[in-house]
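No experiment lies behind these values; they were computed from the predicted model shown. In what follows, chains are A, B, ... by sequence order, proteins preceding strands, each numbered from 1.
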Number of protein chains: 2
Amino acid sequence: MPPAPWRIIRGDALTVLPTLPAASVDAVITDPPYNSGGRTSSDRRNQSALTKYVSPQSRHAPDAHALGDFAGDNRDQRSYTAWLSMLLAESLRVARIGASCLVFSDWRQLAATSDALQAGGWTWRGIIPWHKPISRPIANGFRQECEYVLWGSNGDPTKHPETIYLPGWLEGSQPRGKSRVHITQKPLDVMRALVRICPPGGHVLDPCAGSGTTGVAALAEGRTWTGIEITEHYANVARGRFDLGA
Amino acid sequence: MPPAPWRIIRGDALTVLPTLPAASVDAVITDPPYNSGGRTSSDRRNQSALTKYVSPQSRHAPDAHALGDFAGDNRDQRSYTAWLSMLLAESLRVARIGASCLVFSDWRQLAATSDALQAGGWTWRGIIPWHKPISRPIANGFRQECEYVLWGSNGDPTKHPETIYLPGWLEGSQPRGKSRVHITQKPLDVMRALVRICPPGGHVLDPCAGSGTTGVAALAEGRTWTGIEITEHYANVARGRFDLGA
DNA sequence: CCTCTCGATGAATCCATCT
DNA sequence: AAGATGGATTCATCGAGAG
């Protein structure tokens with residue numbers, strides 16, 4: 001029997017990563033909690049992600065969606081850089097030479113995330129903006145309608161058996177309705193474009209798996225996947241998405 | 001006779017800015033030399049901007065455009081941060097309370113530019129990606145097809161008399177053919193969207209004016225403009241664009 | 001089946017009020 | 001007085017339901 005194409009490990013990434021074998025994955029693709037949002041530094045540290053990122057009318061609506069909260073979104077910026085640097089350094093150990101690393105960030109944490117990527121030992125190779133057409137306007141200012149994917153590599157990136165050319169920007173709206181299972185869920189099309197940086201048949205690691213969209217995308221594109229997720233709730237949600245698909 | 005709606009001062013920004021009166025402009029919008037490009041730090045420091053940013057076939061074509069070189073593109077990253085911090089700090093002095101500052105950057109210098117913006121005393125407010133549809137694909141990787149505009153403000157941004165809502169994502173190709181007068185010239189539509197952050201009738205300052213597209217956009221949108229340009233060549237090019245329009 | 005209208009929403013930000 | 005809190009604001013997009 002071949003090894004399962006996907007696997008979810010429930011636990012803290014900084015604890016689980018050291019247990020994985022060195023040089024065993026072909027790409028690291030993850031969406032860490034941004035530790036941003038909120039109005040004051042106190043909000044960022046003390047409020048839950050649900051309160052920070054979901055609008056009051058959604059939370060209080062009669063048919064409010066029952067989305068779980070997520071963990072690890074209460075660090076100040078210095079701790080965020082330190083935590084993410086450690087996570088990415090551990091991920092580098094697990095990555096093969098030539099592997100790519102993709103990390104999501106919002107505009108506030110972009111500089112800190114690029115510091116962490118390089119502090120973790122990855123070579124910085126670029127930024128892929130993700131444009132979200134649904135976003136609030138800002139009075140007398142520029143709408144904040146993008147998030148950013150930072151691209152790094154472990155040495156020179158691996159050449160694919162058949163050369164591919166990937167887009168330099170992505171567009172997509174967050175899933176709505178019953179397909180929405182996470183507060184900050186990424187669109188499947190966006191993740192499918194990103195996992196293609198991993199050579200076909202390769203193995204993708206996501207240390208902050210959430211509801212597992214990276215894994216769904218990886219399998220859809222013919223890659224295999226390991227996810228690490230800290231909350232029991234989302235680890236179960238992710239398992240459910242694969243079991244349904246299988 | 002009313003004061004001229006535009007003015008170009010030939011000189012080094014760090015020398016000229018201290019001669020301008022404090023709190024006299026409503027927006028600072030500029031595209032500094034990125035000091036980026038090239039694969040090695042040696043390439044970045046020793047090649048000319050023309051060699052780094054214009055492809056060999058364009059430079060050597062029979063009808064090669066007679067683009068001037070530009071100055072100040074040979075700093076290493078640490079010096080770039082220091083230089084830009086000083087330039088932006090001097091610009092802050094010249095800016096009124098509530099003024100906005102917009103600075104172009106490529107992906108390599110984005111973190112350094114956000115550091116310089118904040119070191120210069122501006123409050124960081126966001127990033128507006130500019131998508132350039134014409135760009136080179138990358139084998140086995142993500143195309144780099146965006147540049148970035150960093151947005152800062154001097155305290156809380158001024159409220160416009162009539163509230164405006166500006167886009168968080170810009171699209172436009174660099175001018176080609178005879179309308180192209182500068183190596184890194186920005187599209188007029190992109191600059192017109194950006195100058196609207198300055199309240200109508202207000203005054204825009206560009207300390208690295210180049211061929212003066214910011215000024216052309218400012219006048220088109222009903223703002224006035226002061227540009228500072230270090231090279232005699234581009235100061236003259238810019239003057240020519242206004243004289244033609246007048 | 002396709003088009004149209006209606007309504008809900010967003011990793012947000014602003015502002016007056018309160019502690 | 002600085003920091004925390006609750007409620008209001010905005011529009012492009014998209015899903016649902018009607019015609």
Inset, instruction - Look at all strands and tell whether A/K178 reaches a base, only sugar-phosphate, or nothing, counting heavy atoms closer than 4.0 Å. - result: nothing
Legend entry - Nucleotide nearest A/P137 when distance is taken to its side chain, options C/dT9, C/dG10, C/dT13: C/dG10
Inset, instruction - Return no unless some side-chain N or O of B/R125 is found under 4.0 Å from OP1 or OP2 of C/dC14. - result: yes
Legend entry - Touch class at under 4.0 angstrom, heavy-atom based, for A/Y34 against every strand present: base
Legend entry - Any A/K52 side-chain nitrogen or oxygen under 4.0 Å from OP1 or OP2 of C/dT13: no
Legend entry - Assigned partner base of D/dT10, Watson-Crick or wobble definition, under 3.5 Å: none
Legend entry - Nearest listed nucleotide, side chain of A/R136, among C/dA11, D/dT10, C/dA8: D/dT10
Legend entry - Touch class at under 4.0 angstrom, heavy-atom based, for B/W169 against every strand present: nothing
Inset, instruction - To the nearest 0.5 Å, tell me how far A/I197 CD1 sits from A/E221 CD. - result: 12.5 Å
Inset, instruction - Measure from the side-chain heavy atoms of B/Y165 and tell me the nearest of C/dT13, D/dT10, C/dA11. - result: D/dT10
Legend entry - Nearest to side-chain heavy atoms of A/P133, which nucleotide of D/dT13, C/dT13, C/dA11: D/dT13
Legend entry - Side-chain touch B/L194/B/L102, heavy atoms, less than 4.5 angstrom: yes
Legend entry - Nucleotide C/dA11, atom P - distance to CZ of A/F104 in whole Å: 12 Å
Inset, instruction - Please say whether the positively charged group of A/R75, taken as NZ for Lys or CZ for Arg, lies over the ring of A/W83, i.e. under 6.0 angstrom from the six-membered ring centre and within 45 degrees of the axis. - result: yes
Legend entry - Along DNA chain C (nearest heavy atom to each residue), the more 5'-positioned of A/A139 and A/Q174: A/Q174
Legend entry - Approximate separation, where rounding is to 0.5 Å, of A/L205 CG and A/E90 CD: 11.0 Å
Inset, instruction - Taking only the side-chain nitrogens and oxygens of A/K132, find out if one of them lies under 4.0 Å from OP1 or OP2 of C/dG10. - result: no
Legend entry - Residues A/E229, A/R10: salt bridge by 4.0 Å N-O rule: no
Legend entry - Watson-Crick or G-U counterpart of C/dA11, or none if no pair lies under 3.5 Å: none
Inset, instruction - Could you tell me the separation between the CZ atom of A/R143 and the P atom of D/dT10, rounded to a whole number of Å? - result: 13 Å
Legend entry - Between D/dT10 and C/dG7 - C1' atom distance, rounded Å: 15 Å
Legend entry - Spacing of A/Q47 atom CD relative to D/dT5 atom P, expressed in whole Å: 7 Å
Inset, instruction - Using only side-chain N and O atoms of A/R180, determine if any of them is under 4.0 Å from OP1 or OP2 of C/dA11. - result: no
Legend entry - Sugar-phosphate only, base, or nothing, as touched by A/D31 at under 4.0 Å among non-hydrogen atoms: base
Legend entry - Euclidean distance, atom CD1 of residue A/I183 to atom P of C/dG10 [Å, nearest integer]: 10 Å
Inset, instruction - Would you mind reading off the distance between A/Y53 atom OH and C/dT9 atom P, rounded to a whole angstrom? - result: 20 Å
Inset, instruction - Return the 5'-most residue of the pair A/R176, B/T163 with respect to DNA chain D, ranking by each residue's nearest nucleotide. - result: B/T163
Legend entry - B/I164 CD1 - D/dC11 P separation (whole Å): 12 Å
Legend entry - Test item: B/W169 and B/I128 side chains (from C-beta on) under 4.5 Å apart, heavy atoms: no
Legend entry - Separation of C/dA11 C1' from A/N74 CG (nearest whole Å): 13 Å
Inset, instruction - Would you mind classifying the nucleic acid contact of B/P157 as base, sugar-phosphate or nothing, using non-hydrogen atoms under 4.0 angstrom? - result: nothing
Inset, instruction - May I ask you to say what A/I134 touches in the nucleic acid, namely base, sugar-phosphate or nothing, with a heavy-atom cut-off under 4.0 Å? - result: base
Inset, instruction - State the CG-CH2 distance between B/L170 and B/W130, to the nearest 0.5 angstrom. - result: 9.5 Å
Legend entry - Nearest-angstrom distance from the residue atom NZ of B/K159 to P of D/dT9: 14 Å
Inset, instruction - Check whether any side-chain nitrogen or oxygen of A/S173 sits under 4.0 Å from OP1 or OP2 of D/dC14, and answer yes or no. - result: yes
